[in-house]
Amino acid sequence: MIRFWNKRLKTGTLTEAPEIDTELAALRKSLKDEVKKKFAGSLAIRMVDSGSCNACEAECNALSNPYYDLERLGIYFVASPRHADVMLLSGLMTFNMTPHVLDAYAQMPEPKWVITLGDCPAMLSPFEKNFAVNAPAQNHLPIAHHIPGCPPSPDEIIRGLLAFLKKI
Amino acid sequence: MRLIARYAVELEEVYEIVTVWDEQTDRVRVSKSDPHIETLSHTHPAAIWFERKMHDDFGIVIDGAFDNRPLVHQERFPRGLHPMQKHFTQTAIEPVEYLPYKYETIGGDGVFEVAVGPIHAGIIEPGHFQFSQAGEEMLHQEVRHFYKYRAVEKMLEGKTLADAKAVIERISGNESVAYQIAWRDIALQAAKTELPDANRKYHAMLLELERIIHHLTDLGFIPNDAGFGAALAFCSKLAEEARRQMQRLSGHRFGFGAIGFEETKTDTTQMKLYLDDLEKEMRFFEEWITDIPSLWDRFDTTGMLAHHKALKYDTVGVVARASGMALDRRDNDFYRAHGFVLHTEKSGDVAARFKQRLAEVKNAIVMMRALLMEQTDPVTLNEVHDGDYTAYAESSLGELFMNIIVKDGIIERFFVRDPSFMNWQALHLMMPGNIIADFPLINKSCDLSYAGNDL
Ligand code: SF4
């Protein structure tokens with residue numbers, strides 16, 4: 001364990017440091033301010049995959065790695081839709097997932113918002129519409145904001161969340 | 001013999017049932033008007049998903065099967081519809097009346113069921129797990145999937161090989177490079193074109209980098225599921241750095257579009273420095289993590305898959321190798337010449353799968369060094385010839401099988417078998433004797449793809 005603490009002290013803080021990237025720092029500051037103003041300091045997100053290729057989920061997981069550390073900004077991924085302000089929806093809204101996505105949405109308390117993540121739910125990824133695909137998601141749910149990309153990088157997701165917070 | 005895949009192809013008058021084994025390929029023809037085949041599931045249990053899928057896709061009846069429930073089609077899917085049949089061209093379907101799915105359960109005094117999914121409490125793909133419990137202990141678990149079914153096989157019919165690529169590389173995001181390599185081999189066969197050695201090496205290096213990213217992610221998440229978050233912080237840092245290398249090399253964090261026939265240039269000095277650094281970090285990680293007894297207390301003997309069961313269920317990849325099966329598509333001259341060493345573990349538990357991943361990361365670093373190429377030249381493909389083409393790749397999860405039939409220059413039938421499709425069917429074998437709180441840990445130690453499984 002002592003080895004670990006030595007390493008820990010040597011590594012220091014990785015989270016992309018403000019002095020390196022002032023633009024990113026400003027972005028994060030305004031994100032934190034918006035979360036504070038509009039969501040009393042904590043924005044709860046329920047991530048729902050409606051038929052993705054799993055890269056969009058991987059990028060959301062990457063948001064918690066030491067380089068991005070999203071929770072620091074007051075943004076949390078929660079386990080239950082009943083604890084969520086926002087549903088972050090990835091994937092193609094498959095025929096098999098559609099009822100479950102609608103269920104999860106119904107479980108969310110008002111006020112609630114849906115943000116689509118990546119090109120899939122907007123039907124803009126290379127997949128084609130067929131009988132198994134119900135995307136675009138806007139035909140089934142009110143979409144407050146869209147974060148484009150295939151997949152959007154963690155940075156793009158952070159920017160996207162900020163744009164959403166500015167909008168509402 | 002090891003079962004690799006089993007699927008149907010629709011011809012003019014008949015269905016051809018193709019069964020791919022490691023040593024041979026069997027082809028049987030059945031009439032379209034009343035298609036019946038005998039199940040293989042009594043000797044090869046993992047045949048059952050292939051067969052249930054075949055029924056959903058084409059309406060082929062499986063005789064003698066112990067399980068005739070729909071697999072891909074769920075409660076509200078229109079009954080009697082078999083979308084892989086050529087004459088099915090609908091682009092939308094309406095949900096029909098809900099017909100409950102009968103889960104496999106175990107009855108008895110005090111035995112109860114726990115249903116989990118399809119939406120899980122985390123950032124994970126959707127799927128359903130049904131547990132039969134005696135208190136905390138799991139008696140049985142059924143894995144139910146295909147929530148993400150996008151009908152990729154159907155979607156690709158009628159496209160050229162070149163046009164299909166953008167979809168193929170997005171079938172399972174964390175195995176994208178492996179899928180692209182399988183596609184590449186088929187494109188090369190169809191065009192009767194040889195790939196220069198330098199390009200082959202460059203592609204193989206990207207595949208190893210993909211493996212490193214994937215294994216590092218798991219090496220963090222597995223301890224995290226046993227309550228040891230520090231490992232996740234450490235490994236997710238390394239995984240992020242590896243992903244940035246992928247971005248640097250291929251212009252994409254997941255390597256979408258990475259495998260092609262254009263020329264490439266690599267900054268080998270930078271890459272070597274990165275690999276040295278990673279090697280050092282891995283050495284530290286291994287020493288550190290091996291020295292935490294409370295963690296290994298959770299890993300050892302948890303989620304055991306005995307060798308004979310791994311064989312019987314025709315498992316592949318990390319899961320198979322951790323149970324002592326010497327099975328890897330990279331076990332050939334090309335890879336051995338670049339430092340590949342086939343590693344296996346014996347105990348078949350979470351600990352074995354964890355150690356297997358550690359060993360594979362270390363080996364991948366050695367291989368990447370040997371595979372580094374400063375430059376690759378563009379390759380011009382000849383024209384595409386019709387035919388029936390097969391390719392394999394060893395993705396970070398295991399053996400990937402792909403078959404494409406090209407007719408009149410376009411795809412007549414696309415079939416792919418993700419490694420997860422085999423391993424999901426063996427997951428329930430790891431549960432009995434473990435408590436339900438260990439399920440996430442066991443599941444994560446296998447880290448299977450839902451998207452690649454569901455297609
Ligand atoms: S948007 Fe792209 S990366 Fe995201 S799930 Fe769809 S195909 Fe995958």
Side-chain angles (χ1 to χ4, degrees), chain A residues 1 3-4 6-8 11 14 45-69 77-81 88 90-92 94-101 103-104 107 119-120 125-135 150-151 153-154, chain B residues 72-77 81 83 88 90-93 95 117-126 146-152 154-155 165-167 169-174 176 217 220-221 230 232-234 236-237 239-241 243 247 253-254 256 284 287-288 291-292 449-452 454:
Chain A
M1 217 50 203
R3 270 202 305 272
F4 169 70
N6 282 338
K7 179 93 180 170
R8 171 75 194 78
T11 312
L14 275 177
I45 299 180
R46 174 64 245 210
M47 168 95 210
V48 176
D49 166 2
S50 73
S52 74
C53 75
N54 73 32
C56 276
E57 282 64 50
E59 290 298 50
C60 279
N61 272 324
L63 284 170
S64 314
N65 76 36
Y67 280 99
Y68 304 101
D69 199 7
F77 286 95
V78 294
S80 168
L88 194 57
S90 67
L92 287 168
T94 62
F95 179 87
N96 286 347
M97 264 314 276
T98 304
H100 306 288
V101 173
D103 254 4
Q107 298 295 322
D119 293 346
C120 273
S125 59
F127 294 95
E128 270 166 24
K129 171 84 188 90
N130 67 14
F131 67 93
V133 169
N134 281 340
C150 187
S153 66
Chain B
V72 181
H73 299 173
Q74 298 192 337
E75 288 90 346
R76 297 179 183 83
F77 202 92
L81 214 58
F88 178 90
Q90 273 167 256
T91 54
I93 48 174
I119 300 179
H120 300 290
I123 307 174
I124 333 176
E125 301 178 74
F146 302 93
Y147 291 91
K148 310 185 77 166
Y149 171 59
R150 297 160 289 182
V152 168
K154 186 86 176 178
M155 201 184 282
K165 170 140 192 279
V167 170
E169 69 195 12
R170 286 170 177 79
I171 288 177
S172 178
N174 53 15
S176 179
T217 311
F221 271 111
L232 177 59
F234 188 83
S236 64
K237 163 192 171 279
E240 174 70 21
E241 285 159 3
R243 219 180 258 308
Q247 163 94 41
R253 282 168 58 90
F254 290 77
F256 291 2
F284 167 79
E287 270 181 37
W288 168 43
D291 205 17
I292 299 173
S449 168
Y450 300 61
D454 296 1

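Just so we're clear, the structure is a prediction, and the values are computed from it rather than from any experiment.
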Less than 4.5 Å to any heavy atom of chain A: does that hold for the side chain of [X], its backbone, both, or neither?
{"X": "B:Tyr147", "answer": "both"}
{"X": "B:Gln90", "answer": "backbone"}
{"X": "B:Pro126", "answer": "both"}
{"X": "B:Glu287", "answer": "both"}
{"X": "B:Arg76", "answer": "both"}
{"X": "B:Phe256", "answer": "side chain"}
{"X": "B:Phe234", "answer": "side chain"}
{"X": "B:Arg253", "answer": "side chain"}
{"X": "B:Ile93", "answer": "both"}

Main-chain N/O of B:Ser172 paired with A:Asn54 side-chain donor or acceptor, under 3.5 Å: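 Side chain of A:Asn54 to backbone of B:Ser172: no pair is present.
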Does B:Val72 offer a backbone N or O that forms a donor-acceptor pair with the side chain of A:Asn96 under 3.5 Å?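 A pair under 3.5 Å: yes.
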Going by heavy atoms in the side chains, are B:Leu81 and A:Phe131 under 4.5 Å from each other?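 Contact flag for B:Leu81/A:Phe131 side chains = no.
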Would you say B:Arg150 and A:Cys53 make side-chain contact, with heavy atoms under 4.5 Å?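 The answer is yes, as the side chains (C-beta and beyond) meet within the 4.5 Å cut-off.
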When only pairs under 4.5 Å are counted, which of [options] shares the most heavy-atom pairs with chain A?
{"options": "B:Ala121, B:Ala451, B:Ala92", "result": "B:Ala121"}
{"options": "B:Lys154, B:Glu75, B:Glu241", "result": "B:Glu241"}
{"options": "B:Phe284, B:Phe77, B:Phe146", "result": "B:Phe284"}

Could you report the tightest heavy-atom contact between [X] and [Y], atom names first, then the distance?
{"X": "A:Gly51", "Y": "B:Lys148", "answer": "CA-CE, 3.7 Å"}
{"X": "A:Asn61", "Y": "B:Ile123", "answer": "ND2-O, 3.5 Å"}
{"X": "A:Pro66", "Y": "B:Ser236", "answer": "CD-OG, 3.3 Å"}
{"X": "B:His120", "Y": "A:Arg46", "answer": "O-NH2, 2.6 Å"}

Of the listed residues (A:Pro154, A:Ser80, A:Cys56), which shares the most heavy-atom pairs with chain B below a 4.5 Å separation?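 That would be A:Pro154.
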Using non-hydrogen atoms and a 4.5 Å limit, figure out which bit of [X] sits close to chain B: side chain, backbone, both or neither.
{"X": "A:Ser52", "answer": "both"}
{"X": "A:Phe127", "answer": "both"}
{"X": "A:Pro151", "answer": "both"}
{"X": "A:Cys150", "answer": "both"}

State the [atom1]-[atom2] distance between [X] and [Y], to the nearest 0.5 angstrom.
{"X": "B:Met155", "Y": "A:Lys129", "atom1": "CE", "atom2": "NZ", "value": "9.0 Å"}
{"X": "A:Met97", "Y": "B:Gln74", "atom1": "CE", "atom2": "CD", "value": "9.0 Å"}
{"X": "B:Asp454", "Y": "A:Thr94", "atom1": "CG", "atom2": "OG1", "value": "8.5 Å"}

